[in-house]
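Only one structure is covered here, and it is reproduced in the block below.
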There are 2 protein chains.
Amino acid sequence: MVNRSISKQTLLRLPLYLNYIKQLGDNRPEHISATTIAEALRLNHVVVRKDLASVSSAGKPKIGYVTADLVKQLENFLGYNDVDDAIIVGAGKLGRALLAYNGFQACGMNIVAAFDIDETLYEEDYFGKRVLPMDKLMDLCERMKVRIGIIAVPAENAQAICNLLVESGILAIWNFAPVHLDVPDDILVHNENLAASLALLSKQLKEKRSAQ
Amino acid sequence: MVNRSISKQTLLRLPLYLNYIKQLGDNRPEHISATTIAEALRLNHVVVRKDLASVSSAGKPKIGYVTADLVKQLENFLGYNDVDDAIIVGAGKLGRALLAYNGFQACGMNIVAAFDIDETLYEEDYFGKRVLPMDKLMDLCERMKVRIGIIAVPAENAQAICNLLVESGILAIWNFAPVHLDVPDDILVHNENLAASLALLSKQLKEKRSAQ
DNA sequence: TAGATTGTTAATCGATTAACAATC
DNA sequence: TAGATTGTTAATCGATTAACAATC
């Protein structure tokens with residue numbers, strides 16, 4: 001079977017569909033159609049239909065998809081079923097919030113531990129997760145074959161930490177520091193700039209109001 | 001002057017350019033070209049040139065842009081210079097991390113306070129920021145004319161909180177709860193699903209490795 | 001059969017890339 | 001003048017939307 005490549009946009013929408021169905025809870029109908037989902041999420045119904053067709057071929061005219069099957073197919077496709085480990089570097093406020101956040105589990109992600117130079121953090125237990133000294137990072141990554149690293153350190157230190165992660169065998173980096181990271185070609189980086197995101201929302205609001 | 005509309009993608013890239021220049025610090029040259037920025041950020045130089053042209057018209061052939069001017073123009077354009085207030089609802093781990101995060105300031109965003117039903121949070125001081133009881137929300141929003149709300153409550157409560165925010169005069173919502181929010185047409189919503197973002201990175205990594 | 005829904009094929013739209021002219 | 005860089009115009013690419021055929 002040819003793995004017809006799925007667009008970035010589709011990949012970003014699929015979790016929305018899954019969330020929507022899951023959140024229906026006990027009201028979840030046995031069958032669900034692309035049209036229903038599209039109306040609920042205020043999306044174009046053709047977009048939703050195409051997106052669903054890329055993860056399932058079990059849609060039946062007039063009926064739609066078997067809800068339970070679609071959930072499984074979405075979860076499988078998105079990889080929510082096989083668990084993947086990740087570590088965090090930087091156990092400041094954000095790092096600790098991510099460490100303690102229990103929503104990752106539903107998406108098949110497991111945060112193994114956080115690392116920080118601040119010794120005062122090593123004692124505490126964050127919902128079963130620990131903050132470890134930096135010198136344990138490389139060994140733990142190799143031993144547990146951790147391939148995903150989360151950077152939650154100040155911008156000044158991000159590149160150095162990034163280098164350390166790459167040296168430790170990390171292949172994908174989720175970067176919360178507001179700097180561009182220089183990495184070898186084969187390393188995947190996703191940048192998350194929370195402050196810039198909020199500022200963008202503010203800008204869009206201002207623009208919208210002045211347009212009226 | 002006609003405000004030629006700027007694409008969503010450009011809006012997402014402009015902060016990268018600004019970050020890059022700022023992070024140069026004392027090494028910052030007097031002039032900077034689109035080509036330089038493009039190479040540093042591994043972007044196509046035509047993209048960068050077009051993006052910069054949308055915020056500045058002071059680029060000089062052979063020389064580039066006056067670095068200090070470009071920084072100002074980017075900051076002005078992105079609204080980092082005039083401060084905008086926002087409130088947070090939900091002072092769990094994530095809500096408190098955002099409340100205490102001091103990176104918003106650089107982007108012209110000021111978090112006024114967080115709100116929560118948990119009384120044990122009201123006493124503490126989070127770097128000068130307070131967690132307040134829910135019943136103070138509407139009054140504070142009206143009094144301070146706060147227009148931006150951040151939802152950091154569990155998914156089950158997000159829609160109710162969203163309704164309350166809209167009622168309180170909030171016009172833009174940054175939603176960290178993994179649910180679609182139903183809002184009136186004139187309310188701006190930006191969804192941030194951290195767990196789904198990390199899972200997507202994990203999926204992309206798996207795909208890349210199996211492709212090799 | 002009629003109608004709702006799927007899935008496909010073609011048309012449109014928008015963003016990126018390529019080619020080139022202008023200029024300091 | 002030559003070369004680096006800007007900025008513009010045209011070509012390409014990819015995603016969305018529209019139109020329609022297939023089917024339960």
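Each chain gets a letter, A, B and so on, in the order its sequence line appears, and its residues count up from 1.
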Within 45° cone of A:Tyr80 ring axis and under 6.0 Å: B:Lys203 NZ or CZ
no
Rounded to whole Å, please give me the gap between CD1 in B:Ile32 and P in D:dA4.
18 Å
Is A:Leu24 atom CG crowded by more than 12 heavy atoms from other residues, nucleotides or ligands, each under 6.0 Å away?
yes
Closest to side chain of A:Ile63, choosing from D:dC24, C:dC24, D:dT6:
D:dC24
What's the angle between the local helix axes at either end of the helix from C:dG3-D:dC24 to C:dC24-D:dG3, using five pairs per end and rounding to 10 degrees?
0°
Under 3.5 Å, which protein N or O atoms sit close to an N or O of nucleotides 15-22 of chain D? Give each pair with its distance.
| from | atom 1 | to | atom 2 | distance (Å) |
| --- | --- | --- | --- | --- |
| D:dT16 | OP1 | A:Arg13 | NH1 | 2.9 |
| D:dT16 | OP2 | A:Arg13 | NH2 | 3.4 |
| D:dT17 | O4 | A:Lys50 | NZ | 3.1 |

Indicate the atoms forming the closest heavy-atom contact of B:Tyr17 with B:Asp51, along with that distance.
OH-OD2, 2.6 Å
Please identify which of these residues, A:Leu78, A:Asn76, A:Leu18, A:Leu14, meets the side-chain contact (heavy atoms from CB on, under 4.5 Å) condition with A:Val55.
A:Leu14
To the nearest Å, give me how far apart NZ (B:Lys62) and P (D:dT1) are.
15 Å
Is it the case that the side chains of A:Asn163 and A:Glu167 hold a donor-acceptor pair, with the cut-off being a distance below 3.5 Å and no angle test?
no
A:Ile150 and A:Ile111, any side-chain heavy atoms less than 4.5 Å apart
yes
Any chance you could lay out the side chain to side chain contact (heavy atoms under 4.5 Å, CB included) test for B:Val179 and A:Asn19, step after step, and finish with the verdict?
CA-CA 6 Å; B:Val179 278; A:Asn19 276 340; 5.9 Å; no
Nearest whole Å is fine: how far is C:dA4 C1' from A:Tyr65 OH?
14 Å
Quickly work out the A:His45 NE2 to C:dG7 P distance and round it to whole Å.
14 Å
Can you tell me if CD on B:Glu142 sees more than 12 non-hydrogen neighbours from other groups inside 6.0 Å?
yes
N/O (side chain, A:Thr35) to phosphate O (OP1/OP2, C:dT6) under 4.0 Å:
yes
